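In this text, all values refer to a predicted model and were calculated from it rather than measured experimentally.
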Amino acid sequence: MDKSMLGDLDNLPEEDKVRMSTMIDQLQIRDRVGKKSVRILRMYNSLVERCFNDCVDSFRRKTLDKQEETCVRRCAEKFLKHSMRVGMRFAELNQGAATQD
């Protein structure tokens, strides 16, 4: 937790300081989880939009035809493989940067 957030709490009893510190930590964790959820939703929406635009040509029926279904499956697989590869590469770069410090 960022101790600067507790600057005005110095006059509180120790029990209240601990309680406030715990509450702030919990709020920060929720914020991080919320931001991660937003990133996941954006990635999902990007996947759906890209694959739909690339694969669906017309609205002849309610369901996808075989060719469209195959295209969407391949598109989604490529997108996910690419995302995983990029994530692994960033992890490698982060690990390399951490060892140089």
Other residues, nucleotides, ligands: >12 heavy atoms within 6.0 Å of Glu92 CD
yes

So, taking the atom named CE in Met43 and the one named CZ in Arg39, what distance separates them when rounded to the nearest 0.5 Å?
11.0 Å

How long is the gap from CD on Glu77 to SG on Cys51, to the nearest 0.5 Å?
10.0 Å

Are Arg42 and Asn45 packed together at the side-chain level, in the sense that at least one heavy-atom pair is separated by less than 4.5 angstrom?
no

How far does CE of Met88 sit from CG of Leu93, to the nearest 0.5 angstrom?
12.0 Å

Please report the interatomic distance CD1(Ile24) to CZ(Arg19), rounded to the nearest 0.5 Å.
13.0 Å

Cluster overlap Leu64 with Phe52, hydrophobic side-chain contacts below 4.5 Å
yes

Side-chain donor-acceptor pairs of residues 68-76 under 3.5 Å, sequence neighbours excluded:
residue : atom : partner : partner atom : Å
Glu68   : OE1  : Asp65   : N            : 3.1
Glu68   : OE2  : Asp57   : N            : 3.4
Glu69   : OE2  : Arg73   : NH2          : 3.3
Thr70   : OG1  : Lys66   : O            : 3.0

